[in-house]
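Note sheet for the following structure.
The analysis underlying the following values was restricted to heavy atoms, covering all of them including side chains, and did not include hydrogens, waters or symmetry mates. Every number for a ligand or one of its atoms is a count from 1 in the order of the listing.
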Amino acid sequence: MEIFKYMETYDYEQLIFCQDKTSGLKAIIAIHDTTLGPALGGTRMWNYATEEEAIEDALRLAKGMTYKNAAAGLNLGGGKTVIIGDPLTDKNEEMFRAFGRFIQGLNGRYITAEDVGTTVADMDLIHEETNYVTGISPAFGSSGNPSPVTAYGVYMGMKAAAMEAYGSDSLEGKTIAVQGVGNVAYKLCDFLHQESAKLIVADINQASVDRAVKEFGATQVDVSEIYSQEADIFAPCALGAIINDDTISQLKVKVVAGAANNQLKEPRHGDKLHEMGIVYAPDYVINSGGVINVADELNGYNHERALKRVEGIYDTITRIFEISKRDGVASYMAADRLAEERIARMAKSRRQFLQNGKHSLTNR
Ligand SMILES: NC(=O)c1ccc[n+]([C@@H]2O[C@H](COP(=O)([O-])OP(=O)(O)OC[C@H]3O[C@@H](n4cnc5c(N)ncnc54)[C@H](O)[C@@H]3O)[C@@H](O)[C@H]2O)c1
Ligand SMILES: CC(C)C[C@H](N)C(=O)O
């Protein structure tokens, strides 16, 4: 990979490599765009097969956060970190504290939170070294684990997509095939069960499946069979790139709406869904509840205010379907337009001088 060429093509600002021998920390922070504000995005810990794979993931996820934050109406740019390692065996206190010091060194250009493989406890360790971290324990006045709020946003977005496909946003009696029943999807299944939806679930972790079967009366299917279920809605809540050449022809649903990041393997798969008449709720919009929730910490966290804002995902998804119809483009492209237009407007708007202490001449 030619890194500078890639960064130039997609207009990345900065890529930072962090190494700490004692703790074994190998982290890559990618800052994509800070037009709207400091880059906010989670830290993923994953056992990447190669360094190149880790760099690509950090870059791709950081750009996703620029779009997610812009479309959510937040005054935040996009960034993300990946830590190379197995989250089950390679974590230690020194690692997250060393990482916290690297974040502090960026002086607020990047703010972190949880992502796959990291927890509130990890964020608390980072917080020992820097304030530029969200999703820490509620005892610190923070918002805690973002997953339940992400799930609430996905539930709202799914309702908006159901309205588009079925003319009603009720999910009562709808059959929903859920791929992966981890942190977000467990809570999502809870909301869906409360609305009397029928659930079909698949997960590589049998304990997670058992819990959904027991608590929500879900039906278990093999992980390879989740795409071809006779269902109304497919909710991808595990991995990225699951809408691809192999899976797309198996889908029998009218709606794809789930929590996973980067669901489309390539943009053309979003076009294909559009051609097939499948309503697709763009991933970074429907799953923005987590970042909306942690971003509220910048105002002094208020749970009710954050939930109210997360409910707005329903309207944002509806607006995206309107743009899709207005411009005759697939919904993923309509979402990109919404985000890009906001960033472009803010970049162009006239910036008047504001005193920030640096021009006061008091430091001489
Ligand atoms: N947690 C959040 O607040 C949040 C916010 C935005 C986006 N997301 C995205 O949502 C997705 C889920 O996040 P999470 O926090 O619930 O993660 P998680 O790790 O708790 O859950 C993922 C689940 O998927 C299962 N899984 C993995 N591979 C699978 C496969 N091939 N088939 C079926 N199941 C499989 C795992 O066993 C696990 O139970 C991720 O893509 C994440 O990036 C999460
Ligand atoms: C800031 C975090 C809560 C972000 C979350 N991991 C996401 O992908 O949206």
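Separation of atoms CD1 (Ile320) and CZ (Arg337) is listed at 12.5 Å; rounding is to 0.5 Å. Distance CZ/Phe234 to CD1/Ile242: 5.0 Å, rounded to 0.5 Å. We find the OG1-CG distance between Thr34 and Leu40 to be 12.5 Å, quoted to the nearest 0.5 Å.
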Enumerate, one pair per line, all nitrogen or oxygen atoms of ligand 1 lying under 3.5 Å from a protein nitrogen or oxygen, stating the separation to 0.1 Å; write 'none' if no such pair exists.
| from | atom 1 | to | atom 2 | distance (Å) |
| --- | --- | --- | --- | --- |
| ligand 1 | 1 (N) | Ser147 | OG | 3.1 |
| ligand 1 | 3 (O) | Thr150 | OG1 | 2.7 |
| ligand 1 | 10 (O) | Ala259 | O | 3.2 |
| ligand 1 | 16 (O) | Asn183 | N | 3.2 |
| ligand 1 | 16 (O) | Val184 | N | 2.9 |
| ligand 1 | 20 (O) | Asn183 | N | 2.9 |
| ligand 1 | 20 (O) | Asn183 | ND2 | 3.1 |
| ligand 1 | 37 (O) | Asp203 | OD1 | 2.6 |
| ligand 1 | 39 (O) | Asp203 | OD1 | 3.4 |
| ligand 1 | 39 (O) | Asp203 | OD2 | 2.7 |
| ligand 1 | 41 (O) | Ala238 | O | 2.9 |
| ligand 1 | 41 (O) | Asn261 | N | 3.4 |
| ligand 1 | 43 (O) | Arg44 | NH2 | 3.3 |
| ligand 1 | 43 (O) | Asn261 | ND2 | 3.0 |

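Between Tyr12 and Tyr10, the ring planes lie perpendicular to each other; the angle is over 60°, past the 30° to 60° tilted range.
Dense packing is recorded around CD of Gln206, with more than 12 heavy atoms of other residues, nucleotides or ligands lying under 6.0 Å away.
Under 4.0 Å is where a charged nitrogen must lie from a carboxylate oxygen, and between Arg326 and Glu322 no such pair does. A salt bridge is defined here as a Lys NZ or Arg NE, NH1 or NH2 lying under 4.0 Å from an Asp or Glu carboxylate O, and Lys254 with Asp232 fails to meet this definition.
The cationic group of Lys187 lies under 6.0 Å from the six-membered ring centre of Phe191 and within 45° of the ring axis, placing it in a cation-pi geometry.
Near ligand 2, Leu40, Met65, Lys68, Lys80, Ala113, Glu114, Asp115, Pro146, Asn261, Gly290, Val291, Val294 each place a heavy atom less than 4.0 angstrom from the ligand.
Between Asp86 and Trp46, every side-chain heavy-atom pair lies at or beyond the 4.5 Å cut-off.
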